[in-house]
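Below is one structure, written out as structure tokens; comments come after it.
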Amino acid sequence: MAGLETVSTAKSHGGVQGVYRHASAATGTDMTFSVFVPEHAAGERLPVLWYLSGLTCTHANVTDKGEFRAACAEHRVIFVAPDTSPRGDGVPDEDRWDFAQSAGFYVDATEAPWSANYRMWSYVTEELPALVASAFPVDMARQGITGHSMGGHGALTVGLTHPDRFRSVSAFAPIVAPTQVPWGRALDRYLGDDVAAKRRHDAVALIEDGARVRELLVDQGEADNFLVEQLRPELLARACADAGIALELRMQQGYDHSYLFVSTFMADHVAWHAARLG
């Protein structure tokens, strides 16, 4: 694994859960990510499911609490979880939980001082996939993507932008229309006054502007504190209906925004992706 530092590995469900670090050209920092590789035959290549995490998170949240490994082992799917932002000395930051470090919003920032390091779009769509393809037994013709909250936003926008690359797209409690909710003010800070750029990082706007995938799966907790003000899944439902995209929006009674919610439905998402990845 040239260029990769192995932070840790452990056997789980017959496969290997690893955490790795590398020097990123996209962000100008070291980046850490996790990969679960199910048991497989020598030379065999498996489909890959990318998972993008939400505000305040690193790769570790889903790795420790996502409960994906049993399902990935059963369905023989590799699971990759990157960090949510660049980190380290010299990386711009603010003393808040919904912007800057831990809140990269999966965009390539164009505004100073963020533009020097906050290039998470390039990282998750270009640099990290190339690295993973070179170091792990993935079949890059069979990719799916999912994520939670801010990561659900990222999964939807990446999947809608690259429908030829991702056979399956799902999300847990995603920010579906950041240009229409308070959390979307982060896009103003990262991207400035470029309205077109901000629409490219808004799933509802992308669909309105012609982006298409065949289908989407979204789980949303009905007891989510952020549902009404920040998440607004009804906007995605309306856009998909108008565009003819088959959206399965599952409103889950009693569930909140936490990893207790995500982990409850994670196996469903892994199985859903596996059925489409072959």
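Treat the numbers as computed from the prediction; the structure is a model and nothing was measured.
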Check: How long is the span from the OG atom in Ser85 to the CE atom in Met120, to the nearest 0.5 Å?
Finding: 6.5 Å

Check: Above 12 or not: heavy atoms from other molecules or residues under 6.0 Å from CG of Asp30?
Finding: yes

Note to self: Tell me if the aromatic rings of Phe79 and Tyr51 count as close, with their centers under 6.0 Å from one another.
What the structure shows: yes

Check: Does Arg165 CZ have over 12 foreign heavy atoms under 6.0 Å away?
Finding: yes

Margin query: Check the orientation of Phe261 and Tyr255. Use parallel for under 30°, tilted for 30 to 60°, and perpendicular for over 60°.
Written below: tilted

Next item on the list: Check whether any side-chain N or O of Asp256 sits under 3.5 Å from a backbone N or O of Ala223 as a donor-acceptor pair, and report yes or no.
Entry: no

Notebook entry, point to check: Can you name the closest pair of heavy atoms from Leu277 and Val48 and give their distance?
Noted result: CD1-O, 4.0 Å

Next item on the list: Tell me, with the steps shown, if Leu236 and Leu156 meet side chain to side chain contact (heavy atoms under 4.5 Å, CB included).
Entry: CA-CA 10 Å; Leu236 181 65; Leu156 292 175; 4.3 Å; yes

Note to self: Measuring from atom OG1 of Thr27 to atom OH of Tyr123, what distance do you get when rounded to the nearest 0.5 angstrom?
What the structure shows: 7.0 Å

Check: Could you state the interatomic distance from CD (Gln252) to CD (Glu222), rounded to the nearest 0.5 Å?
Finding: 8.0 Å

Checklist line | Pair Trp121 + His201: ring centers closer than 6.0 Å | finding: yes

Checklist line | Glu126: salt bridge (Lys or Arg N to Asp or Glu O under 4.0 Å) partners, not counting sequence neighbours | finding: none

Checklist line | Arg238 vs Arg232 side-chain heavy atoms within contact, under 4.5 Å | finding: no

Notebook entry, point to check: Is there a side-chain contact between Val158 and Tyr106 (heavy atoms, below 4.5 Å)?
Noted result: no

Check: Does the Lys198 side chain pair with the main chain of Asp193, one donor and one acceptor, at a distance under 3.5 Å?
Finding: no

Notebook entry, point to check: Distance from Met31 atom CE to Thr58 atom OG1, nearest 0.5 Å?
Noted result: 10.5 Å

Check: Going by an N to O cut-off under 4.0 Å, is there a salt bridge joining Asp93 and Arg87?
Finding: no

Note to self: Any non-hydrogen side-chain atom of Ile78 less than 4.5 Å from a side-chain atom of Pro38?
What the structure shows: yes

Next item on the list: Check whether any side-chain N or O of Gln17 sits under 3.5 Å from a backbone N or O of Ser12 as a donor-acceptor pair, and report yes or no.
Entry: no

Next item on the list: Please report the shortest heavy-atom distance between Pro174 and Leu231, naming the atom on each side.
Entry: O-CD2, 3.6 Å

Notebook entry, point to check: Distance-only, no hydrogens or angles: does the Arg167 side chain make a donor-acceptor pair with backbone N or O of Ala141 under 3.5 Å?
Noted result: yes

Note to self: One pair to check against side chain to side chain contact (heavy atoms under 4.5 Å, CB included): Cys240 and Leu216. What are the steps and the verdict?
What the structure shows: CA-CA 9 Å; Cys240 286; Leu216 296 169; 3.9 Å; yes

Next item on the list: Measure across Arg212 and Ala243 and return the closest heavy-atom pair with its distance rounded to 0.1 Å.
Entry: CZ-CB, 3.3 Å

Check: Is Val181 close to Glu229 at the side-chain level, that is, under 4.5 Å between some pair of heavy atoms?
Finding: no

Check: Is Pro182 close to Gln230 at the side-chain level, that is, under 4.5 Å between some pair of heavy atoms?
Finding: yes

Margin query: If hydrophobic clusters are built by linking Ile, Leu, Val, Met, Phe, Trp and Tyr wherever their side-chain heavy atoms come under 4.5 Å apart, do Val62 and Tyr20 end up in the same one?
Written below: no

Next item on the list: Give a yes or no on this: more than 12 heavy atoms of other residues, nucleotides or ligands lie within 6.0 Å of atom CG of Asp95.
Entry: no

Margin query: Parallel, tilted or perpendicular, judged at 30° and 60°: which one describes the rings of His257 and Phe226?
Written below: perpendicular

Margin query: Does Glu39, at its CD atom, have more than 12 non-hydrogen atoms belonging to other residues, nucleotides or ligands within less than 6.0 Å?
Written below: no

Next item on the list: Starting at CE of Met150, measure out to CG of Leu52 and round the result to the nearest 0.5 Å.
Entry: 8.5 Å

Next item on the list: Check whether any side-chain heavy atom of Thr110 sits under 4.5 Å from a side-chain heavy atom of Asp194, and report yes or no.
Entry: no

Note to self: Using a 3.5 Å distance criterion without hydrogens, assess whether the side chain of Asp202 forms a donor-acceptor pair with backbone atoms of Thr179.
What the structure shows: yes

Item checked: Transitive ILVMFWY side-chain link Val91 to Val124, under 4.5 Å -> yes

Notebook entry, point to check: Taking the six-membered ring where the residue is Trp, are the ring centres of His148 and Tyr259 under 6.0 Å apart?
Noted result: yes

Note to self: For residues Leu260 and Val270: do they belong to one hydrophobic cluster (side chain heavy atoms under 4.5 Å, members Ile, Leu, Val, Met, Phe, Trp, Tyr)?
What the structure shows: no

Check: Do the rings of Phe36 and Phe68 sit parallel, tilted or perpendicular, given the 30° and 60° boundaries?
Finding: perpendicular

Notebook entry, point to check: If every non-hydrogen atom of Ile175 is compared with every non-hydrogen atom of Trp183, which pair is closest and at what distance?
Noted result: CD1-CE3, 3.5 Å

Next item on the list: Check whether any side-chain N or O of Tyr118 sits under 3.5 Å from a backbone N or O of Pro92 as a donor-acceptor pair, and report yes or no.
Entry: yes

Margin query: Quick check: closest heavy atoms across Ser115 and Ala109, and the distance to 0.1 Å?
Written below: CB-O, 3.3 Å

Check: Are the side chain of Thr84 and the backbone N or O of Cys57 linked by a donor-acceptor pair below 3.5 Å?
Finding: yes

Next item on the list: Answer yes if the ring centres of Tyr190 and Phe99 are under 6.0 angstrom apart, and no otherwise.
Entry: yes

Checklist line | Distance-only polar pair, side chains of Asn61 and Ser53, donor-acceptor under 3.5 Å | finding: no

Note to self: Run the side-chain hydrogen bond (donor to acceptor under 3.5 Å, both in side chains) test on Ser168 and His273 for me, step by step, so that the C-alpha distance in whole Å, both residues' side-chain angles and the decisive distance to 0.1 Å come before the verdict.
What the structure shows: CA-CA 6 Å; Ser168 52; His273 284 274; 2.7 Å; yes

Note to self: Quick one: does any side-chain atom of Arg45 pair with a main-chain N or O of Phe136 as donor and acceptor, under 3.5 Å?
What the structure shows: yes

Notebook entry, point to check: Does the side chain of Met251 come within less than 4.5 Å of Leu227's, by heavy atoms?
Noted result: yes

Next item on the list: Apply salt bridge (charged side-chain N to carboxylate O under 4.0 Å, His left out) to Asp209 and Arg200, showing your working.
Entry: CA-CA 9 Å; Asp209 293 343; Arg200 289 194 296 270; over 6 Å; no

Notebook entry, point to check: Do Pro233 and Val218 come within less than 4.5 Å of each other through their side chains, counting heavy atoms only?
Noted result: no

Check: Can you tell me how far the CZ atom of Arg119 sits from the CG atom of Asp108, to the nearest 0.5 Å?
Finding: 4.0 Å

Checklist line | Shortest non-hydrogen contact from Thr146 toward Ala155 | finding: C-CB, 3.5 Å

Notebook entry, point to check: Side chain of Arg276, backbone of Gly144: donor and acceptor closer than 3.5 Å?
Noted result: no

Note to self: Here's a test for you: under side-chain contact (heavy atoms from CB on, under 4.5 Å), which of Val35, Val7, Thr32 qualifies with His59?
What the structure shows: Thr32

Check: Of Val19, Val132, Asp83, which is the lone residue that meets side-chain contact (heavy atoms from CB on, under 4.5 Å) with Phe33?
Finding: Val132

Next item on the list: State plainly whether one hydrophobic cluster holds both Ile207 and Leu187, where clusters connect Ile, Leu, Val, Met, Phe, Trp and Tyr through side-chain heavy atoms under 4.5 angstrom apart.
Entry: yes

Check: Does Leu235 share a hydrophobic cluster with Leu160, counting links as ILVMFWY side-chain heavy atoms below 4.5 Å and allowing steps through other members?
Finding: yes

Next item on the list: With side chain to side chain contact (heavy atoms under 4.5 Å, CB included) as the test, would you mind laying out the steps for Leu217 and Arg250 before giving the verdict?
Entry: CA-CA 8 Å; Leu217 171 64; Arg250 307 193 304 189; 4.0 Å; yes

Margin query: Given 3.5 Å as the limit, does a donor-acceptor pair link the side chain of Gln143 with the main chain of Trp50, or not?
Written below: no

